[in-house]
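The structure's right below; bear with me while I get my questions together.
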There are 2 protein chains.
Amino acid sequence: MPSTKVKVGRVFHALGDPTRRAIVEKLSAGPLSVSRLATPFDITLTAVAQHLQVLEESGLVHTEKVGRVRTCRLETAGFSILEQWIGDRRSMWERRLDRLGDLLAESGEE
Amino acid sequence: MPSTKVKVGRVFHALGDPTRRAIVEKLSAGPLSVSRLATPFDITLTAVAQHLQVLEESGLVHTEKVGRVRTCRLETAGFSILEQWIGDRRSMWERRLDRLGDLLAESGEE
DNA sequence: GCAATACTGAAGTGACCACTTCACTAATGT
DNA sequence: ACATTAGTGAAGTGGTCACTTCAGTATTGC
């Protein structure tokens, strides 16, 4: 499945920005509207909206507009992709260390 | 400890680039010299060296120069910071859902 | 010693990114 | 109906980023 591979880059890129991480942090306490989300930051509402778009495209945040207010909540998809990627690297890394350990044990038992 | 917080951004930023992820992927199979690492990519050795510097500063890669050849291997530090950050968000998220579940159960039990 | 190898440093370039301003639409409160 | 609130769209700007070229320095093989 190439769909996961395409997205990892987006997730990493999204979380590379401190403001976007702060947004995620705030949202992990519960859903919020765009303007409520924007108040603590000293940047424009527009800027926050742009960040939210990036977060949404990377599957970290889901937003839904009802009436004139858009409510934002965290989404698991982006995080899953992230954890999967890290898990894959980790298992590859550990498998390698295992083989290395085998080799060392082998060379020592003669 | 603010030191971890300062670094998370660097790690995310480092892994936001596809070439750097490919480098990490190659290194997860075992240590490599800079030039051996560079051959599969159609970018300059210089560019690869720059990527390696970013990866090293983010604690994902450790390099050591012996003679004229610099050997690169993966480092756990960057990955740990990453996993810790995700774990923190996850636990905060799950704690919230638990509280939400409690509230729903409470309102339903009258 | 000399040539090839394996990088390193500095400076430049074009693309992308975060952020802004301004103008606009749509829903809501009174 | 009218003002306020909540967000959207487009266009511009400054800074950062990936990448290049070119010139230079150690190290190694012959």
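These numbers were taken from a predicted model, which means no experiment stands behind them.
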> Tell me, for nucleotides 18-24 of chain D in 5' to 3' order, what letter each nucleotide earns: B for a base near a protein heavy atom under 4.0 Å, S for only sugar-phosphate near one, - for neither?
Replying inline: SBBBB--

> When you measure from the side chain of Arg73(A) to the backbone N and O of His62(A), does any donor-acceptor pair fall under 3.5 Å?
Replying inline: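 Not confirmed, Arg73(A) side chain does not pair with His62(A) backbone.
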
> Run the side chain to side chain contact (heavy atoms under 4.5 Å, CB included) check on Leu15(B) and Arg21(B) step by step: do they pass?
Replying inline: CA-CA 6 Å; Leu15(B) 292 174; Arg21(B) 280 199 306 282; 4.2 Å; yes

> Can you check whether Arg96(A) reaches Pro31(B) side chain to side chain, under 4.5 Å on heavy atoms?
Replying inline: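 In contact.
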
Which atom pairs, one a donor and one an acceptor, fall under 3.5 Å between side chains of residues 49-56 of chain A and the rest of the protein, sequence neighbours left out?
| from | atom 1 | to | atom 2 | distance (Å) |
| --- | --- | --- | --- | --- |
| His51(A) | ND1 | Arg20(A) | NH1 | 3.1 |
| Glu56(A) | OE1 | Thr63(A) | OG1 | 3.2 |
| Glu56(A) | OE2 | Thr63(A) | N | 3.4 |
| Glu56(A) | OE2 | Thr63(A) | OG1 | 3.1 |

>> Using only modelled atom types and a 3.5 angstrom limit, is any donor from either the side chain of Arg68(A) or the base of dA27(C) paired with an acceptor on the other?
In response: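 Result: at least one qualifying N/O pair found.
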
>> Based on the rotation axes of five pairs at each end, what angle does the helix from dG1(C)-dC30(D) to dT30(C)-dA1(D) bend through, to 10°?
In response: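 Terminal axis comparison yields 30°.
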
>> Could you tell me how far apart Gln53(B) (CD) and dT8(C) (P) are, to the nearest whole angstrom?
In response: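 Between P of dT8(C) and CD of Gln53(B): 9 Å.
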
>> Applying ring pair (Phe, Tyr, Trp, His ring centres under 6.0 Å) as the test, list every pair that has at least one member in residues 85-105 of chain A; sequence neighbours left out.
In response: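 Passing the test, one end in residues 85-105 of chain A: Phe12(A)-Trp85(A).
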
> Of the residues in residues 29-38 of chain A, which ones touch DNA chain C at a heavy-atom distance under 4.0 Å?
Replying inline: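 Of all residues in residues 29-38 of chain A, none places a heavy atom under 4.0 Å from DNA chain C.
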
> Rounded to the nearest Å, what distance is computed from the CG atom of residue Leu52(A) to the P atom of nucleotide dG9(D)?
Replying inline: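 Spelled out: CG on Leu52(A) to P on dG9(D) is 14 Å.
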
> Rounded to the nearest 0.5 Å, how far does CE of Met92(A) lie from CG of Leu74(B)?
Replying inline: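 Spacing of CG (Leu74(B)) from CE (Met92(A)) equals 10.0 Å.
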
> For dT8(C), does either OP1 or OP2 sit under 4.0 Å from a side-chain N or O belonging to Lys65(B)?
Replying inline: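 For Lys65(B), the contact criterion (side-chain N or O under 4.0 Å from OP1 or OP2 of dT8(C)) is met.
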
> Minimum heavy-atom separation for Leu27(B) to Leu37(B), with atom names?
Replying inline: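 Heavy-atom minimum between the residues: CD2-CD1, 4.0 Å.
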
>> For Glu94(A), give me all partners under side-chain hydrogen bond (donor to acceptor under 3.5 Å, both in side chains), at least two apart in sequence or on another chain.
In response: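 Glu94(A) satisfies side-chain hydrogen bond (donor to acceptor under 3.5 Å, both in side chains) with Arg90(A) only.
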
> Is it true that a side-chain atom of Thr44(B) and a backbone atom of Ala47(B) form a donor plus acceptor pair closer than 3.5 Å?
Replying inline: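 Side chain of Thr44(B) to backbone of Ala47(B), a donor-acceptor pair under 3.5 Å: no, none is there.
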
>> Could you report the tightest heavy-atom contact between Leu60(A) and Ala14(A), atom names first, then the distance?
In response: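 For Leu60(A) versus Ala14(A), the nearest heavy atoms are CD1-CB, 4.0 Å.
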
